[in-house]
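Every chain is numbered from 1 and lettered A, B, ... according to where its sequence line falls, protein lines coming before strand lines.
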Amino acid sequence: MDIPWLSLLVLVSLGGAFATFFAGRYARWAALVVSLGSLVIVLAVMALFQPSLDLQNTSNSCAAGGFQLCEVHTWFTYSSSTSAPGFSVDYAVGIDGISLVLILLSAVITVAAVVYHWSEERDPHGFFGLLLLTNAGCIGVFVSLDVLLFFVFWEIVLIPMFFLIGHWGGPRRHYAALKFFVYTHVASVTMFVALLAMVFLGHWDSFDFVNTFQRQQVDNMQNIPSAVQALLFGSLLFGFGVKLPMVPFHTWLPDAHVEAPTGGSVLLAGILLKLGGYGLIRLASPMLPAGRSLMLPVMLFLAFLSIVWGAYLSLAQRDLKRLVAYSSINHMGIVLLAIALWTQLGVMAAVLLMFAHGLVSALLFMVSGSVHHTFGTRDIPSVGGMTARTPVLSTMLMIGSLASLGLPALVSFPAEFSAFLATWNTLGYWVLLPLMALVVTAGFYIWMMQRMSFGPTRGIPANAHDLPFPEVMGMSLLVGLIVLYGILPLLIEQVIPIAAIFGVPCGAGGMWGACPSLP
Amino acid sequence: MEVPIAAYLPEALALAGALLTFLMDAAGVRRRSAIGGLSVVLYSLALLSVLGDLAVFPFTAFATIPSGLVDAGPIGPIQFTSFGILWQVIFLSASLLVAFASLSEGEGEREVPIFYGLLSLATLGMLLVALSADLVFLLLSIEITGISTYVLVAYARKDARALEASMKFYLIGALSTAISFFGASLLYGAYGTTSLSVLSKVPSAGSEMVMVGLGMLVVGLGFKVTAVPFHMWAVDVYDGAPDHVSAFLAAGSKKMGILAFITVFVASVRLFQVSNAWALYVALGALAVVTMTVGNVLALQQRTMKRMLAYSSISQAGYMLIGIAVDTPAALAGTTIQAAAHVLMKGGAFLFVAAMATIGVGNRIDDYRGLGHTHPATAASFAILLLSLAGIPLTLGFVGKFYLFAAAVEAQGMFIFLAIAGLLNSAASVFYYARILRIMYMVDPQPRSAGRWTPAVAHLADPGAGSTPPSHGGAKSAVGGRLLAEIQSLGVARWTAIVLCAAFTIVLGIYPTPLIDLANNAAFHLINNLP
């Protein structure tokens, strides 16, 4: 019997989230069980994932599109006025290499966040329930293969994050929560109109997007005039770009991050930002080729802007959390750049970078949360000499910072290297621009470490204690993966190319392998 | 074909409700449980009957209309269409909801029979609107509901604000009726008949006169559906009326206006062979956009809950008008689904306001602070209803909006702008719904000194409001007790009604197929059965 693994995954995460709300004082145990449960299912899914696909000899349209573990059931029917039987809106789920990497990231980060917050005292049932609900929504987005289902999960993510920021956040939490909610909701409805227009203009026969990866459907999409495609692509770029976030639509991010509780920030940076990149890779870019090429200059400009602007804004921050938030904008700019190139190497680099950034930024947000409640402040200049008094915290800070600036043997290095290689292959010397921004990034992290970890002790209360055990555990999980995938990036790199947009795996050579250009 | 008298069972039950209630009043039986119970039973029977007529699975035994009569064309001024019967389900749900929830209201001297009697009469009018195939019959049915509701608003005779609201409602209602009848008489002048079906055989005469007549009907009915710029009365009336009456007005009688709109325009534009029909669609589209935008913008600025809900109800009417302007089966199905959703959302929301008023929570939005912690079950239900109003997925409000907007996008041309306008509006509306969620869940229950519109008595300000967690909760065993106390303080019937509204919103949001099938089928027959 086939076990519907992906439905099980969604069900466990979603049902577990609701169960946690009602778990009372056992909430943290429930949260741990649920998050570990979804991690175990993700690992099972990874084990079942087939490294090679026979796309030709399959009757299942979902599998023929390059997806695995497909489940397609009709949810309800939109009775169209033009096409006789109407469009079916399906519960369609399936994964490919890209979504697999991202659900792994989701599950891992949720476990780490739950462990980190083990001693949360303020309404723990609500807190853990909302963390898990966010995770469930994100996993749902990554596995869904239907436009409407995708949008449903996309919207589900907003609500728990709104409450996480608004109830457990810092002093300006109400402002930040509303801004986050309204900003991202405006973006998602824009995205939704564009997706609907794609369905109708492209003459899809259902809201599934598995079919769009097949030849006939791609031809249908190409019948849409390029100007319309560009308009649709622009709307999607806005919709996904706000989530990413891409300059100039990034202003919600620093507020949301600074005010969010640590777990909220961890999920926000670790998973939520990846939804934007995923949407661009999964929906916008492959389905609107003409629109993409028309909008390419805009996309490249915004990517470069995000990279440079994010880096320079980081330099100016005194607040550790704000610094990490702005450096996220910088990193996600590189993701956008890699996606805009739309070569196999570029897309692979983008996914790898999202994975790396997820782990690293989660770690850094945990560190800044711990810094805040150990020293009572996150102000960089007023804390110094952490290594002497709180060596573990200081070590974590250094690992996170070094990973973020792209030190070899940590996970960001292969990702950034591939991204820059892909940029060089396509754009030539333009690669110098993001590279110089990288130098700035390295600069602000090293400067921050110099001030906070080393030097004379300052701003550390006499009773400051080093990290409590749960926080160490949460961070160690991330550190372990950062090192593991930094040394063996091939573990992830082998998986990503088995993706629906590639059609065929790009070769066992990993990032140095031969990857032809995409259709 | 002969119509068996049993086919009019729902209408007969509503009429019986009114007559029996007034008889009981005369006989001195004025207990709320007796009178209200009677109405609830009668409405439930009527609801079973109409569900049976629609062949909804477990209720087929209750069908009273011979299946050959449904969608078989008009019989005199009457027609049985599956579309009309589906809307009867919507109307009866609204009436049943309000009648049931009102069981929790207090006893009065004469108020109870007046309330329930008028409610039954208003329901009768609404049910007749769903049957009408004739302009005069339609407008007269609207008037039955209209006159009942004018009085219903003022049934609490000693409340000056309610009397003022009633007077406004009455004056505007009379004006709009006059305009509608004027329009109908112009159509009569052009065609020589008021039937919405015989007209098809008559060649179009004097298209200017027809356009003016239809335009006047747009205005007259526009008042009923609170389309901007004919909406001015609505907010004052919803605000001034007793809370349960507001619930009925928003959930019930406004839907009647929407159905009248559909009956008149969907039929007439095709049957009357109006030569400049596109102008009518442009007007309807513009009306939809203006209605939802103005409703939303004004809702954003409200500080009292009922006025906010009233303006949001106006904007919801705008979404429903999109379906009428697009005028495809899918779009009309969307309007139907949205109307059904609106019954649950607005009915439940106004009942929640009523429930909060009984325990002394003020009407300002700020007064709802911390309700999420003090009244978890009802506040969660209200939150679900608000999310549904905002069109968040997995709620019925999302399904309705999805259908409407998808139909508009699919119709292409200028209709895409309707979808974009609708989506921008629903994005903007999130702002004021989320604000209420924030106040209910993220602000501590104690009054705070900050904030401009907190009264001076709020000197109990807690100093560290931003940082100290509220100490609610306690032992786990207290949860059941708190829930029981919540139910008792709000009234069992009202509490149940609110929770049921939220539950239906979610269940139909997750599994909308039954409703969608009914709506699709009904809308398909409505358009394709026209001669």
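- Taking the six-membered ring wherever Trp is involved, the centroid distance between the rings of B:Phe398 and A:Phe151 falls below 6.0 Å.
- With ring centers used as reference points, B:His373 lies under 6.0 Å from A:His167.
- Residue B:Phe524 does not touch chain A at all, counting heavy-atom pairs closer than 4.5 Å.
- Using a 4.5 Å cut-off between heavy atoms, A:Tyr91 makes no contact with chain B at all.
- In this structure, the portion of A:Leu178 lying under 4.5 Å from any heavy atom of chain B is its side chain and not its backbone.
- Across A:Leu148, A:Val89, A:Ile156, the residue that shares the most heavy-atom pairs under 4.5 angstrom with chain B is A:Leu148.
- Using a 30° and 60° split on the angle between ring planes, A:Phe163 and B:Tyr441 fall in the perpendicular class, above 60°.
- Checking side-chain atoms of A:Trp252 against main-chain N and O of A:Val242 turns up a donor-acceptor pair under 3.5 Å.
- Between chain A and the options B:Ala434, B:Ala406, B:Gly334, heavy-atom pairs under 4.5 Å are most frequent for B:Ala406.
- Among A:Val152, A:Val182, A:Thr74, the residue making the largest number of heavy-atom pairs under 4.5 Å with chain B is A:Val152.
- Within the 4.5 angstrom heavy-atom criterion, only backbone atoms of B:Ile510 (N, CA, C, O) approach chain A.
- For a residue to count as touching a neighbouring chain, one of its non-hydrogen atoms must lie under 4.5 Å from one of that chain's; by this rule B:Leu423 touches chain A with backbone and side chain alike.
- The aromatic rings of B:Phe402 and A:Phe192 sit tilted, their planes meeting at an angle between 30° and 60°.
- Neither the backbone nor the side chain of B:Ala333 comes within contact range of chain A; no heavy atoms are under 4.5 Å apart.
- For residues 117-143 of chain A, every residue pair satisfying the ring-ring contact (aromatic ring centres under 6.0 Å, His included) rule, not counting sequence neighbours, is listed here: A:Trp29-A:Trp118, A:His117-A:Phe127, A:Phe127-A:Trp168, A:Phe142-A:Tyr278.
- In this structure, the ring of A:Phe180 has its center no less than 6.0 angstrom from the ring center of A:Phe162.
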